[in-house]
Amino acid sequence: MSQKSDELKIYWNKIIYAFPILNDNLSSECTDTEYEEIAHIITGLSIQVKIRDLILVHIEKYLRHNVAPSFWSKFTKIEEEIKGFQLFKSAVNDLYESVNSFSILLRRLTLLNNTCCDNRPIFGERDVIQGFKQLVRATLLSQLPVTFHVIINHFYKLSFNVFDNMKAYEDSFMDEDACSGCWNEYSECNCAYIVKVFYDTNRKLVELQLLERLAGQVLTNFIQQRIEAHIHKLCTGTFDLSYIALLEKWLDVTVMTWLTRIYCAGSSEPPPDDENVQNAIAKFKQKLRYYLYHSYTKLRIDQLFIIIIEYPDSRPAISDIKVCLNKTDLQKSLCKNLQNALETRLLHPGVNTPDILTAYISTIRALRHLDPSGVILETVTKPVRSYLRNREDTVRSVVSSLTEEGTGSELAEELAKFAADNDEEGEKEEAWDEWMPDPVDADPRNTASDRKGSDIISMLVNIYGSKELFVNEYRTLLADRLLAQGVINTDKEIRYLELLKLRFGESQLHFCEVMLKDISDSKRINALISQDKNFEEMNNKFASNAMILSAQFWPPFKDESLELPDEIKEHLADYTKAYETLKGNRTLSWKPHLGNVNIEIEIGQKKLDLTVSPFNATLIMHFQTKPEWSLDELHEMMKVPVNVLRRKITYWQSLGLISEKSSDYYVLVDGSEACKSNVPSNQVQEMICEDEEAESVMASAHDQREGELQVFWSYIVGMLTNLDSLPLERIHQMLKMFASQAPGTECSLNELRQFLDTKVRTHQLFLQGGMYKLAKS
Amino acid sequence: MKVTIKSWTGVATWRWIANDDNCGICRMPFDSCCPDCKLPGDDCPLVWGACSHCFHIHCIVKWLHSQPQQQCPMCRQDWKFNNK
C-alpha cells in the first residue's frame, strides 16, 4: 500500500514537473523527451482526462489571480494622454507576454488532449489553443474595471491623430514648428514611434481577439465622427445631386482602407488566410454602412423642409431619402421632424395663404415621390390641412391660383394635366403584379387606392371635404372678374370652365356656364339695342351698355344703395324700354352701384380720361353742378351711408380734385390748383383704382351665411321673450331641438356666437354676464 | 370743371313680368329654367294662358301632353295659349 502511494507520489511529482501550472507556476525545466516519458505514465495510469481538466482549472485560476489583475491594474484614470498611451501599450505588451508564456504548457496540453479520446470541447472550442484564448478573454472581461476606457481613449486618440496626420502630411505642407501629430517639435517628433507602437499593439490585440472588445467602441465613435463630418461637408446645402453612390464609394475606399490598416498593422489589404481579421473587418463594414445611411438620412431629414420647398430641383435628394428609408428605421422621426418644421415655419399668421398653399403643393409632390403609398404624406400634412381649414382665404387662394394664367401657377397646369391624363385609366389594370401591401403604420380606415388616387387638386379640395364650397368660391371670383373687366375675354373663361367641369362635374358648374352666357348675350343685346331708332337719339349723348344677368344664377350681390343722377336714370330707363320691346314680357332691374363708367374731366387746361365706378362718377357729377357740398347734403342726394361716402370720396381727394375744407365739408379744387397737385398723383391714381377693383362686389361667404342664419332670428326672439335671458349654450341647444328641421340650417356654436354678436353690435341684443337678453324697444 | 360721360356700362338683372315668382308646375323660379333646361330666358321662355296663369313653356307642354283634357293645372279652366 505504502509502496503504491510512494509510487503515486513520484508520478505526481513528475506530472507537476511537466505541468508546473499545477503549483501555480509557469516556468518549466522539463524537456520534450522527459515530457514524453511522463505522458506515457499518464496514459499508463489512464488519468489523462482528469489531469487535463485539473490543468485547465489551474490555468483559469492562474489567469484570474495573476494575469487579469495585473493587466487591469494599469487602467487607471489618467489625464495626460501620453501617459495613458504608455500605460496601455505596456499593459497590452505584458498581457501578450504572459499569454505567450503559456505556449509550452499549451503545446503539451494539446498533446495530452489528443490522448484523451473523449472529444469534449474545451471552453466551447475543439482546439486547446482556441479554448485558451476564449478563457483569457472571458477572464479578462469578467474583471473589466469601470474606467477602463480612459486610457484606451488616450491611446487611440493620440494614435489616430498621428495616423491621420501621416496622410495629411503627404498632401499639405505644414507651416507650424510642431508636428501636429504628436505635438512635439519636429526634431523630436515621435510619430514614427507612435505609429510603430500603434501597429504593434493593434496586432497583438487582434491576435488575442481583444481589439474589437477593447477598442471597438472608441474606433466606432471615431469613425462615426468622421463619417458625420464628411457627410456634412459634402452634402449640406445641395439637393440636386444624389450622394449615396459617392458616399458608399468613399466608405469603401477611404474608410475601409484605413480600417484595414489598423487591423492588419499597416498593410491596406487584409491577409487572405486570416479569416478572423476578414470577418472582423466585414462586420465592422456592415456597421459603418448602416451608420453612414443613418447619418445621411438624419442630415436630410433635418433639411427636409428646404428640400421640399425646392422640390422639383431637389428630386435627387428625395430619391436618396427614399433609398435610405428602406435601410434605416427613421420613417417615424422623419414624419415628426417634418411636421414640426412645417408647423414652426409655415403654419403661423405671418405666412400668406398662397405661400402655404405653394408649400403644401410641393410637399404633396415631394412626398408622393418619396413614398408612393401616401402614408407619410397623410401623417405629415394633417396639421397643414387643419390649419388651412381655419384660414378664411384658403378657398379663394386655391380657386384664384387654379384659374391664374402664366407659368407661375402650378395648379392651373395641374388642372390641364388632369384633363390630359383622364383617358389613361386603363393602364392601372396591367400593374397588378406590382402590387404592394400597405405599410404597417398606414391608417386602416383608408384604402391604398384612396391615398394614391387623389391628385393634388383633390387633396386641396378635400381640405374642406366638399366640392360645393370650392365651386361657390369659384362662382364668386368669376362674377367679380366678369363685372370688373371692361373687355371680357370669354373664350379664356370658357376654357377654364371646361377644365373645371372635367374635374368637378357638369352639374356643379352649371351656374357658371349661365353666367358666361349672360355676358355673351349681353353683348348681343347691346348691339341690338344700339340699333334701335328710339334709343339712338339717347345714345348720341353717350354710349350706354348693360350687362344683363340672370339673377338666379349669380351669387348674391352686396346690397348697396346709390341714387344716380337724373340724367343717367333717364338713360337707363330708356334702355329698359328698349329691352322690353326686344324681349317681350321681360324687364330689367338695375344695380346702380355696379358697372363702370368712362368719363372725361376737363379742368383748367387739363383733360383727364378715367374709368371709374358709377359711385365715383355720380359724386363728381354732383360737384359739377355745385362746387361745395357737405357730407350730409351728399348723403341726401345719393342715399349712400355717410361712412361709405367718407371712405369713397378719398378717391377724388387723392386725384386732387376735391379737398376737405373743414370737417365733413368738401370743396371742388379750382382748375389751376388742380393742375399743380395733379401731376405727382398719377401713381396714387393707379393705386387707388386697383384698390377699388380689388374689392369684391359680391356678398362674401360670411355675409351669405349670415343671411342663412337669419332663419333662426325669429326663434331666438321668441325664446328670449319668454325666458328673458339665456346663455349661448342654451340657445344653441334649443335651436337644435326646435329649428334644425329646416334644410341647410345646421349651425355650430361658434357661428351662433358670431351671429349673436352681430346682433349685439346692432343693439338688438344685450350681452350681460354671458347671458343674452333682448334689447328693450 | 366739366364732366363728360363717354360711356356708361351698367349692370342689371332681368326678370319676367309675371304675377307670380315660381312656376306652378316645377316650382322653380320663373327667372330660372325648368328642370329639363340648362339656360334660362330665351331658351326656356314663359307662356301665358287665357286664364292669366303662366308657366315655363316646357312645363305646361309636358303637362298638357300627360292629361286627357287640356286644362290649366292651377284653375282647371280649359287651357288656351294667350298670344298677347
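Labels below follow one simple rule: chain letters A, B, ... track the order of the sequence lines, proteins then strands, and each chain is numbered from 1.
- We find the CD-CD1 distance between A/Glu567 and B/Ile5 to be 5.0 Å, quoted to the nearest 0.5 Å.
- Identified under the salt bridge (charged side-chain N to carboxylate O under 4.0 Å, His left out) test for residues 48-75 of chain B, with sequence neighbours left out: B/Asp36-B/Lys62.
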> Passes side chain to side chain contact (heavy atoms under 4.5 Å, CB included), A/Lys517 versus B/Asp43? Steps please.
Replying inline: CA-CA 12 Å; A/Lys517 188 166 181 297; B/Asp43 293 341; 3.9 Å; yes
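- Among the candidates A/Ile568, A/Leu572, A/Ile601, the residue making the largest number of heavy-atom pairs closer than 4.5 Å to chain B is A/Ile568.
- Between atom CH2 of residue B/Trp14 and atom OG1 of residue A/Thr587 there is a gap of 11.5 Å, rounded to the nearest 0.5 Å.
- With rounding to the nearest 0.5 angstrom, the OG1 atom of B/Thr13 is 7.5 Å from the CZ atom of A/Phe557.
- Counting heavy atoms from C-beta on, the side chains of A/Asn585 and B/Trp48 come closer than 4.5 Å.
- Distance CG/A/Asn598 to OG1/B/Thr4: 10.5 Å, rounded to 0.5 Å.
- The parts of A/Glu602 that come within reach of chain B are both its backbone and its side chain, each placing non-hydrogen atoms under 4.5 angstrom from that chain.
- Residue A/Lys577 qualifies as open at atom NZ: its count of foreign heavy atoms under 6.0 Å is 12 or below.
- Closest of all the heavy-atom pairs between B/Lys38 and A/Val514 is O-CG2, 3.6 Å.
- Remark: B/Leu39 CG to A/Asp521 CG distance equals 8.5 Å, nearest 0.5 Å.
- Rounding to the nearest 0.5 angstrom, the gap separating the CD1 atom in B/Ile17 from the NZ atom in A/Lys583 is 13.5 Å.
- Of all the heavy atoms in A/Phe553 and B/Ser32, the pair that sits closest is CZ-OG, 3.5 Å.
- When all heavy atoms of A/Arg586 and B/Gly41 are compared, the closest pair comes out as NH1-CA, 3.5 Å.
- Residue-environment remark: NZ (B/Lys80) stays at or below the threshold of 12 foreign heavy atoms within 6.0 Å.
- Put simply, of A/Ser550, A/Ser522, A/Ser589, the one with the most heavy-atom pairs under 4.5 Å next to chain B is A/Ser589.
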